[in-house]
Q: 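Dropping the structure in here first, questions after.
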Amino acid sequence: MKRTIRELNDIKGKRVLLRCDFNVPLDNWGDIQNANRIDAALPTIKYLVEKGAKLIVCSHLGRPKGYDKFLSLFPVAVYLMKSFPNKVKFCSKVFGPEVDLAISKLRDGEILMLENLRFVKGEEENSPTFVKELCKICDIYVDDAFGVAHRKQASNYGVALKKPNAMGFLIEKELEVFDKAFKNPAHPFVAIFGGAKVDDKLNLISNVLGMADVILIGGGMAYTFLQAEGVSVGNSICSHELVNDAKTILEKAKEKGIKVLLPVDHIAECNGKVKTVRQPEIEGEFVGFDIGPKTTKMFQSEILKAKQIIWNGPLGKYEDKRFRKGTEKVAKAVANSGAYSIVGGGDSVSAVQEAGVADRINHLSTGGGASLKLMEGKILPAVEVIDSI
Ligand code: ADP
Ligand code: MG
């Protein structure tokens with residue numbers, strides 16, 4: 001078992017370096033557009049503050065190449081002040097004498113927010129010099145940055161190898177949810193897959209093949225599967241080189257008695273005109289951008305019978321309101337199903353939020369790439385380096 005902050009003794013007075021994922025969207029005024037990621041880390045911060053840590057909080061924000069005033073973490077420090085009045089300080093450096101001085105002045109239970117880790121070269125490369133600097137400023141390391149847990153970087157991998165460490169409540173919750181869903185699923189277990197491309201999602205489908213009772217495939221990825229079944233896909237997005245892999249998945253599912261449902265109708269575009277089409281009408285100029293009404297009904301009926309649902313990938317090009325309906329109706333069906341529901345992936349979570357049903361989904365896994373790795377059944381590198389107890 002990996003150590004969580006609950007199992008850390010002797011936090012009081014210690015310099016605790018906490019890696020968070022505060023990669024939040026900011027507008028040109030520096031106003032935070034969506035603070036979900038900060039709010040999600042508050043329980044861990046609160047716990048460490050109450051235990052009397054000298055808490056040093058670090059994160060990345062965006063993809064800066066060196067210093068970029070539009071990607072400063074100062075607005076995040078200001079946001080934290082609302083939850084921890086008079087306890088939050090900000091230092092405009094990542095390490096060096098200014099940081100050392102700020103830490104020396106930090107009292108037990110106070111928070112020092114460091115500047116964007118990616119302003120200094122070496123974070124993403126997990127450079128030994130960067131790791132050494134981070135090690136100098138802390139006695140204990142805590143990781144709660146789920147969003148980058150699938151990457152090996154200095155502040156979530158390098159430093160964890162060198163310091164006594166633990167994971168925060170956010171990462172712990174994500175691991176627990178997927179562990180339970182895969183090791184002990186409630187049946188019928190319905191897995192829903194969609195999204196733009198099948199390329200990075202085949203492993204995910206393979207992983208649920210042994211567990212799910214029903215697999216619903218929509219979105220752009222459906223066309224690779226339809227092609228595998230010999231259905232004409234027109235100019236719809238299709239990974240021709242993966243048609244054979246898709247065929248293998250369909251055959252394996254059949255052997256195991258798993259029901260795989262592919263779209264039977266589509267909302268497609270042809271020279272700017274949007275039409276509902278049945279197969280095999282999709283050919284030539286037609287591009288399929290959403291599942292059609294018949295498919296949606298078929299999917300809804302499986303979803304309403306489910307006891308557990310896992311969903312990754314919008315079922316259409318939902319950013320365009322002409323192609324949003326399939327995703328929206330499926331999101332509402334998932335919310336109304338009464339099944340234990342997990343939605344993972346950046347776009348999938350946005351789609352569920354836009355459909356207005358986010359509060360009726362049991363677990364929204366916001367980690368993007370990290371959620372996908374968990375759905376593939378993989379161990380995340382940043383979790384692997386946390387001490388076992
Ligand atoms: P997630 O971020 O949840 O893992 P993806 O990034 O894989 O999901 O997929 C989301 C993207 O897939 C969206 O940008 C959406 O427009 C696109 N998409 C879904 N269906 C189609 C389609 N039929 N054709 C083209 N793009 C699609
Ligand atoms: Mg995406």
Side-chain angles (χ1 to χ4, degrees), residues 24-25 32-40 42-43 146-147 170 173-174 176-178 180-182 185-196 201 204 208 212-222 261 263 266-267 289-372 374-375:
V24 289
I32 298 168
Q33 302 296 287
N34 179 336
N36 285 352
R37 285 184 163 165
I38 310 176
D39 294 337
L42 292 179
F146 180 64
L170 181 65
K173 172 86 192 302
E174 292 278 358
E176 260 174 22
V177 164
F178 284 95
K180 186 168 171 291
F182 288 156
H187 294 281
F189 174 10
V190 175
I192 312 169
F193 296 114
K201 305 277 178 84
L204 225 135
V208 304
D213 305 291
V214 180
I215 299 180
L216 310 175
I217 301 181
M221 77 153 66
L261 298 182
H266 312 259
I267 311 297
F289 279 128
D290 196 4
I291 52 173
K294 209 169 162 205
T295 310
T296 305
K297 282 205 187 93
M298 187 172 90
F299 284 10
Q300 281 169 328
S301 125
E302 294 297 335
I303 289 165
L304 295 176
K305 285 185 268 181
K307 287 276 179 297
Q308 176 173 309
I309 298 170
I310 190 155
W311 179 13
N312 168 259
L315 299 170
K317 199 178 159 192
Y318 76 101
E319 301 92 332
D320 182 332
K321 68 174 189 302
R322 296 172 302 165
F323 307 114
R324 183 176 298 166
K325 231 174 180 161
T327 303
E328 199 177 275
K329 288 200 175 272
V330 163
K332 286 182 178 155
V334 172
N336 292 334
S337 66
Y340 180 76
S341 52
I342 303 174
V343 177
D347 288 289
S348 310
V349 169
S350 309
V352 162
Q353 284 167 338
E354 279 170 35
V357 295
D359 55 339
R360 287 193 286 139
I361 302 297
N362 293 86
H363 185 71
L364 288 177
S365 182
T366 51
S371 325
L372 297 187
L374 286 186
M375 288 191 187

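For this chain, numbers begin at 1 and follow the sequence in order.
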Q: Between the side chain of N362 and the main-chain N/O of I342, is any donor-acceptor distance below 3.5 Å?
A: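 A pair under 3.5 Å: no.
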Q: According to the salt bridge (Lys or Arg N to Asp or Glu O under 4.0 Å) rule, which pairs have a member within residues 328-351, sequence neighbours left out?
A: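 Only E328-K332 qualify under salt bridge (Lys or Arg N to Asp or Glu O under 4.0 Å).
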Q: Taking all atoms of both residues into account, what is the closest heavy-atom pair of T296 and G326, and its distance?
A: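 That would be OG1-CA, 4.1 Å.
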Q: Please list, chain by chain and in numerical order, all residues satisfying side-chain hydrogen bond (donor to acceptor under 3.5 Å, both in side chains) with S371, sequence neighbours excluded.
A: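 Result, side-chain hydrogen bond (donor to acceptor under 3.5 Å, both in side chains) vs S371: S365.
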Q: What pairs with D320 under salt bridge (charged side-chain N to carboxylate O under 4.0 Å, His left out), at least two apart in sequence or on another chain?
A: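 Result, salt bridge (charged side-chain N to carboxylate O under 4.0 Å, His left out) vs D320: R322.
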Q: Among residues two or more places apart or on two chains, list those pairs meeting salt bridge (Lys or Arg N to Asp or Glu O under 4.0 Å) that have a residue in residues 289-299.
A: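 Those involving residues 289-299 do not exist here.
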Q: To the nearest 0.5 Å, what is the distance between OG1 (T327) and OH (Y318)?
A: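 Reported to 0.5 Å precision, the distance equals 8.5 Å.
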Q: Minimum heavy-atom separation for I267 and P293, please, with both atom names.
A: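 Heavy atoms of I267 and P293 come nearest at CD1-CD, 4.2 Å.
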Q: Below 4.5 Å, heavy atoms only, C-beta onward: do I192 and V334 meet side chain to side chain?
A: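 Contact flag for I192/V334 side chains = yes.
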Q: Could you tell me which residues satisfy salt bridge (charged side-chain N to carboxylate O under 4.0 Å, His left out) with R324, sequence neighbours excluded, listed by chain and number?
A: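 So R324 forms no salt bridge (charged side-chain N to carboxylate O under 4.0 Å, His left out) with any residue.
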Q: Flag the pair L364 / S348 as yes when at least one side-chain heavy-atom distance between them is below 4.5 Å, and no otherwise.
A: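 Not in contact.
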Q: Please list, chain by chain and in numerical order, all residues satisfying side-chain contact (heavy atoms from CB on, under 4.5 Å) with K180, sequence neighbours excluded.
A: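 side-chain contact (heavy atoms from CB on, under 4.5 Å) list for K180, sorted by chain: empty.
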Q: Nearest 0.5 Å, what's the CG-CG distance between D39 and L170?
A: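 It is 11.5 Å, given to the nearest 0.5 Å.
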Q: Under the rule for ring-ring contact (aromatic ring centres under 6.0 Å, His included), what residues qualify as partners of F289, not counting sequence neighbours?
A: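 Result, ring-ring contact (aromatic ring centres under 6.0 Å, His included) vs F289: F323.
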Q: At what distance, to the nearest 0.5 angstrom, does CZ of F182 lie from CZ of F189?
A: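 One gets 5.5 Å once the value is rounded to the nearest 0.5 Å.
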Q: With sequence neighbours left out, write down each residue that passes side-chain hydrogen bond (donor to acceptor under 3.5 Å, both in side chains) with R360, or none if nothing qualifies.
A: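 R360 satisfies side-chain hydrogen bond (donor to acceptor under 3.5 Å, both in side chains) with N336 only.
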Q: Only counting residues at least two apart or in another chain, list the ones meeting side-chain contact (heavy atoms from CB on, under 4.5 Å) with P43.
A: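 For P43 the side-chain contact (heavy atoms from CB on, under 4.5 Å) partners, ignoring immediate neighbours, are F169.
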Q: Pairs under 3.5 angstrom only: tabulate donor-acceptor contacts from the side chains of residues 299-315 to other protein residues two or more places apart or in another chain.
A:
{"unit_1": "E302", "atom_1": "OE2", "unit_2": "K259", "atom_2": "NZ", "d": "2.7"}
{"unit_1": "Q308", "atom_1": "OE1", "unit_2": "A186", "atom_2": "N", "d": "3.0"}
{"unit_1": "Q308", "atom_1": "NE2", "unit_2": "A181", "atom_2": "O", "d": "2.9"}
{"unit_1": "W311", "atom_1": "NE1", "unit_2": "G313", "atom_2": "O", "d": "2.9"}
{"unit_1": "N312", "atom_1": "OD1", "unit_2": "K201", "atom_2": "NZ", "d": "2.8"}
{"unit_1": "N312", "atom_1": "ND2", "unit_2": "G344", "atom_2": "O", "d": "2.8"}

Q: Show every donor-acceptor pair shorter than 3.5 Å between a side-chain atom in residues 351-359 and any protein atom, with sequence neighbours excluded, or say none if there are none.
A:
none

